[in-house]
Number of protein chains: 2
Amino acid sequence: MDLALDQARAAAARGEVPVGAVVLDAAGKVLAAAGNRTEADHDASAHAELLALRQAARLRASPRLTDCTLVVTLEPCPMCAAAISAFRIKTLVFGAYDPKGGGVEHGARIFAASSCHHAPEVIGGVRETECGDILRDFFRARR
Amino acid sequence: MDLALDQARAAAARGEVPVGAVVLDAAGKVLAAAGNRTEADHDASAHAELLALRQAARLRASPRLTDCTLVVTLEPCPMCAAAISAFRIKTLVFGAYDPKGGGVEHGARIFAASSCHHAPEVIGGVRETECGDILRDFFRARR
């Protein structure tokens with residue numbers, strides 16, 4: 001989560017919503033790390049999670065990351081949650097809960113849908129306050 | 001839809017699940033067209049819709065496509081439906097319904113979630129049989 005927090009802080013420094021994500025293999029080796037790039041890349045899908053998943057899959061030369069863990073500072077939105085399922089991620093670890101935009105424990109609850117073909121193990125609320133503070137500080141400074 | 005069907009057929013010829021998508025602006029001009037590339041790109045998120053949305057946004061140098069229409073041969077999955085919302089697409093036109101994998105009229109029903117911030121106008125079932133036949137032929141040939 002330290003590396004994901006670093007990515008979130010780097011995103012904030014670029015003026016992006018500060019969320020960071022890291023993909024690790026079964027041995028704990030970092031395969032990919034990314035922060036939000038929606039504004040820089042003119043890409044509404046350039047969320048930290050999706051960028052890290054794509055990086056890791058490219059490195060592995062496989063669209064399936066069945067032994068991997070995704071660590072992200074914020075509860076993934078429905079798009080990223082569905083992507084986590086599509087990439088067959090084994091374990092999802094996230095920091096702050098997102099009652100408004102989240103799609104794991106809130107909203108569309110992607111992994112709970114009967115049509116979800118692959119649901120990862122989910123560990124939420126890891127270093128929740130620290131992860132949330134980066135977001136709160138960012139939005140407070142913008143108001 | 002003709003162009004989306006062409007993209008679906010081209011995807012089938014590459015051995016990809018045959019789905020095609022096109023993004024048009026308010027004047028009906030084609031901004032982007034793509035077919036599935038999940039295997040070729042080693043990217044489980046490389047669905048036709050997401051690729052076309054990213055192409056169009058790159059062309060526009062904006063992550064928001066508020067005046068645009070996305071035409072796709074198959075009901076979008078939850079990931080793509082949430083991306084359509086994130087890119088602020090105005091109108092979604094799709095061909096075949098997808099009771100197993102769809103996330104618009106089925107499963108997570110992304111646009112119906114109370115936390116969905118932007119829902120496009122949805123027109124489903126356009127040239128439904130033709131769009132579905134390409135998929136049925138593809139999977140029949142693989143069995």
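Letters A, B, ... mirror the listed sequences (proteins, then strands); counts begin at 1.
- With respect to chain A, the highest number of heavy-atom pairs below 4.5 Å among B:Ser114, B:Pro63, B:Gly101 belongs to B:Pro63.
- Against chain B, the residues from residues 75-84 of chain A that qualify, each with a non-hydrogen atom under 4.5 angstrom away, are A:Pro78, A:Met79, A:Ala82, A:Ala83 in number order.
- Among residues 28-49 of chain A, the residues having any heavy atom closer than 4.5 Å to a heavy atom of chain B are, in sequence order, A:Thr38, A:Glu39, A:His42, A:Asp43, A:Ala44, A:Ser45.
- Cluster partners of B:Leu51 are absent, since no Ile, Leu, Val, Met, Phe, Trp or Tyr has side-chain heavy atoms less than 4.5 Å from it.
- When heavy atoms are compared at a cutoff of 4.5 Å, B:Arg64 approaches chain A solely by way of its side chain, counted from C-beta outward.
- Inspection of non-hydrogen atoms places no residue of residues 1-13 of chain A under 4.5 Å from chain B.
- A continuous path of Ile, Leu, Val, Met, Phe, Trp and Tyr side chains, each step under 4.5 Å between heavy atoms, connects B:Tyr97 with B:Val72, placing both in one hydrophobic cluster.
- For the atom pair A:Arg142 CZ and A:Asp137 CG, the distance stands at 13.5 Å (nearest 0.5 Å).
- In this structure, CD1 in B:Ile110 is found 12.5 Å from CD in B:Glu105, a value given to the nearest 0.5 Å.
- When each of A:Ala56, A:Ala108, A:Ala61, A:Gly107 is checked for heavy-atom pairs under 4.5 Å with chain B, A:Ala61 comes out on top.
- Between B:Phe87 and B:His118, every side-chain heavy-atom pair lies at or beyond the 4.5 Å cut-off.
- Interatomic distance, A:Phe139 CZ to A:Arg143 CZ, rounded to the nearest 0.5 Å: 8.0 Å.
- Criterion: ILVMFWY side-chain heavy atoms under 4.5 Å apart, direct or through other members. Under it, B:Leu70 and B:Leu65 are part of a common hydrophobic cluster.
- Residues B:Leu53 and B:Val17 share a hydrophobic cluster, clusters being chains of Ile/Leu/Val/Met/Phe/Trp/Tyr side chains in contact below 4.5 Å.
- Between the OG1 atom in B:Thr129 and the CD1 atom in B:Ile134 there is a gap of 11.5 Å [rounded to 0.5 Å].
- Taking SG of B:Cys68 as the start and CG of B:Leu24 as the end, the distance is 8.0 Å to the nearest 0.5 Å.
- There is a path of hydrophobic side-chain contacts, each under 4.5 Å, that joins B:Leu59 to B:Val23.
- Connection of B:Val126 to B:Val104 is not established within any shared hydrophobic cluster, with ILVMFWY side chains joined at heavy-atom distances below 4.5 Å, either directly or through further cluster members.
- With values rounded to the nearest 0.5 angstrom, A:Phe94 atom CZ is found 8.5 Å from A:Leu74 atom CG.
- Residues A:Thr91 and A:Pro120 form no side-chain contact, since every pair of their non-hydrogen atoms from C-beta on lies 4.5 Å or further apart.
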